[in-house]
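Residue numbers begin at 1 in each chain, while the letters A, B, ... track the order of the sequences.
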2 protein chains.
Amino acid sequence: MKYNNAIYLISRIKEAANRFIVQELEAAGLNGVVPSHGDILVVLYTCEKCTMKELAQKIHRTKATLTVLVDKLIALNLIEKEKSAQDSRITYIKLTPLGQSYKDIFEKISQKLNDTFFKNFSQEEIKTFVSLLEKTRNNIE
Amino acid sequence: MKYNNAIYLISRIKEAANRFIVQELEAAGLNGVVPSHGDILVVLYTCEKCTMKELAQKIHRTKATLTVLVDKLIALNLIEKEKSAQDSRITYIKLTPLGQSYKDIFEKISQKLNDTFFKNFSQEEIKTFVSLLEKTRNNIE
DNA sequence: TTTTAATAGTTAGATATCTAACTATTTGTG
DNA sequence: CACAAATAGTTAGATATCTAACTATTAAAA
């Protein structure tokens, strides 16, 4: 079946994207930082301060995984925790100044990722590609 | 950037495909079997007997990972090892009769996966999709 | 022939990721 | 008000996955 190949290709592409991101982050001085860590930072670049639960939802990971991911980013001094004054079950996560300083680097990596993966794609092709990906995503969620 | 979304969607789709496969395999009575295990079996359904090195290459995993994956499939009595008579460094992996008996099930799961993920896709759309995925894959390998 | 280099697969350690259970807190119900 | 249910985040355990180092074997070079 021809479309059996699509899922295989999607898998290959995703794994290559992960490797690319890890390598670029290492080149930028961030070792041991993987895409999920990056996802957290990217969320924080837009919302400044999020609960653990919100972050877990936004990056599609479980609360348990988030604990591990967050602990590592804290160890790297990129983020910090802040308890909620209104509800002591709630913990907010926010960027440190160091975390903030990587914003441009993340944008550049994202740009480079896209320039590399979609080299020689026309605007029309990209539009079609995203549309088909969205159609697939809509079939499964 | 519009195409920033593509890698995100690819990631979502791949993870959804993994979950789908795991659930279908569980429904078929195979617990704890993940896509990489399935990849090994699928390779063996076509080549009957492969070296560990070949399997690792074909499923894009390291030799170390393959050892773990293979050990589990052996524990499930789906595959077995056979040392090479010509080169005692080499170990062949082959299907057991039980492993063979799951061939139809794997084909059905693959079909169901594709029917679900590409529901409402025309043949033309699928063709385009695969072509664009191949174009991306060619940019990164 | 001996030594060096390469190869196949395993071992050891680290880590992201999950499920399930847990603790502390808050909300809802009677 | 007391109790039950729900919630936020952590802990514990298991596992796929990787890198690096290792052992045993084979191939290549001296």
Side-chain angles (χ1 to χ4, degrees), chain A residues 11-12 14-23 25-26 30-41 49-76 79-94, chain B residues 11-12 14-23 25-26 30-41 49-76 79-94:
Chain A
S11 186
R12 301 262 60 64
K14 196 241 188 202
E15 287 177 4
N18 282 358
R19 289 193 298 271
F20 183 96
I21 290 165
V22 169
Q23 284 166 14
L25 288 170
E26 279 175 10
L30 285 174
N31 294 302
V33 174
V34 299
S36 287
H37 293 120
D39 293 339
I40 292 170
L41 294 173
K49 174 166 138 176
C50 275
T51 64
M52 294 284 279
K53 180 185 170 181
E54 286 170 341
L55 278 175
Q57 288 176 342
K58 286 176 188 291
I59 73 167
H60 303 277
R61 291 290 175 263
T62 62
K63 296 185 294 181
T65 299
L66 203 83
T67 299
V68 175
L69 293 170
V70 159
D71 285 348
K72 181 153 189 182
L73 291 174
I74 286 170
L76 292 170
I79 63 173
E80 59 196 359
K81 288 188 183 182
E82 176 184 293
K83 299 295 290 183
S84 164
Q86 285 74 36
D87 181 340
S88 61
R89 293 174 302 181
I90 289 181
T91 300
Y92 288 104
I93 304 293
K94 43 193 267 199
Chain B
S11 188
R12 299 263 60 66
K14 194 241 189 199
E15 286 177 6
N18 280 357
R19 289 192 298 271
F20 183 95
I21 290 166
V22 169
Q23 283 166 15
L25 288 169
E26 278 174 13
L30 286 175
N31 295 302
V33 173
V34 299
S36 287
H37 293 122
D39 292 339
I40 292 169
L41 295 172
K49 175 166 138 178
C50 275
T51 65
M52 292 283 279
K53 180 185 171 181
E54 288 169 339
L55 278 176
Q57 288 175 341
K58 286 175 188 291
I59 73 166
H60 304 273
R61 292 291 175 259
T62 63
K63 294 185 295 181
T65 299
L66 202 84
T67 299
V68 175
L69 293 170
V70 160
D71 285 348
K72 182 151 188 184
L73 291 175
I74 286 170
L76 292 171
I79 63 173
E80 59 197 359
K81 289 186 180 180
E82 175 184 292
K83 299 294 290 182
S84 163
Q86 284 75 36
D87 181 340
S88 60
R89 292 174 301 181
I90 289 182
T91 300
Y92 289 104
I93 302 294
K94 42 194 266 201

The residue, A:I59 or B:T67, whose nearest nucleotide of DNA chain C is more 5′ is B:T67

Position toward the 5' end of DNA chain C (nearest nucleotide), B:D71 or A:S36 |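 Of the two residues, B:D71 wins.
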
A side-chain contact here means heavy atoms from C-beta on lying under 4.5 Å apart; do [X] and [Y] qualify?
X	Y	answer
A:L69	A:I59	yes
A:L41	A:I79	yes
A:K81	A:D71	yes

Which is true for [X] with a 4.0 Å heavy-atom rule: it touches a base, it touches only sugar-phosphate, or it touches nothing?
X	result
A:K63	base
A:S88	sugar-phosphate
A:T65	base
A:V34	sugar-phosphate
A:T91	sugar-phosphate
A:L66	nothing
B:K83	nothing

A:I93: which of A:V70, A:L66, A:T51 passes side-chain contact (heavy atoms from CB on, under 4.5 Å) | A:V70

N/O donor-acceptor pair under 3.5 Å between A:K83 side chain and A:S88 backbone |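 Checked: pair present.
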
Is the backbone N or O of A:H37 less than 3.5 Å from a side-chain atom of A:K72, with the two atoms forming a donor-acceptor pair by type?
-> no

Check A:L55 against A:C50 and note the closest heavy-atom contact, atom names and distance.
-> CG-CB, 3.7 Å

Locate the shortest heavy-atom distance separating A:G38 from A:V33; write the atom from each residue and the value.
->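 Shortest heavy-atom contact: N-CG1, 4.4 Å.
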
First and last nucleotide of DNA chain D in contact with chain A, 5' to 3', at under 4.0 Å to a heavy atom: what are they?
->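 The contacted stretch runs from D:dA6 to D:dT11.
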
What is the bend of the helix from C:dT1-D:dA30 to C:dG30-D:dC1 when you compare the axis at one end with the axis at the other, using five pairs each and rounding to 10°?
->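 Overall, the helix from C:dT1-D:dA30 to C:dG30-D:dC1 bends by 10° from one end axis to the other.
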
Taking for each residue the nucleotide of DNA chain D with the nearest heavy atom, is it B:H60 or A:I90 whose nucleotide lies nearer the 5' end?
->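 Its nearest nucleotide being more 5', the pick is A:I90.
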
When rounded to the nearest 0.5 angstrom, what distance separates CD in A:Q57 from NZ in A:K63?
-> 10.0 Å

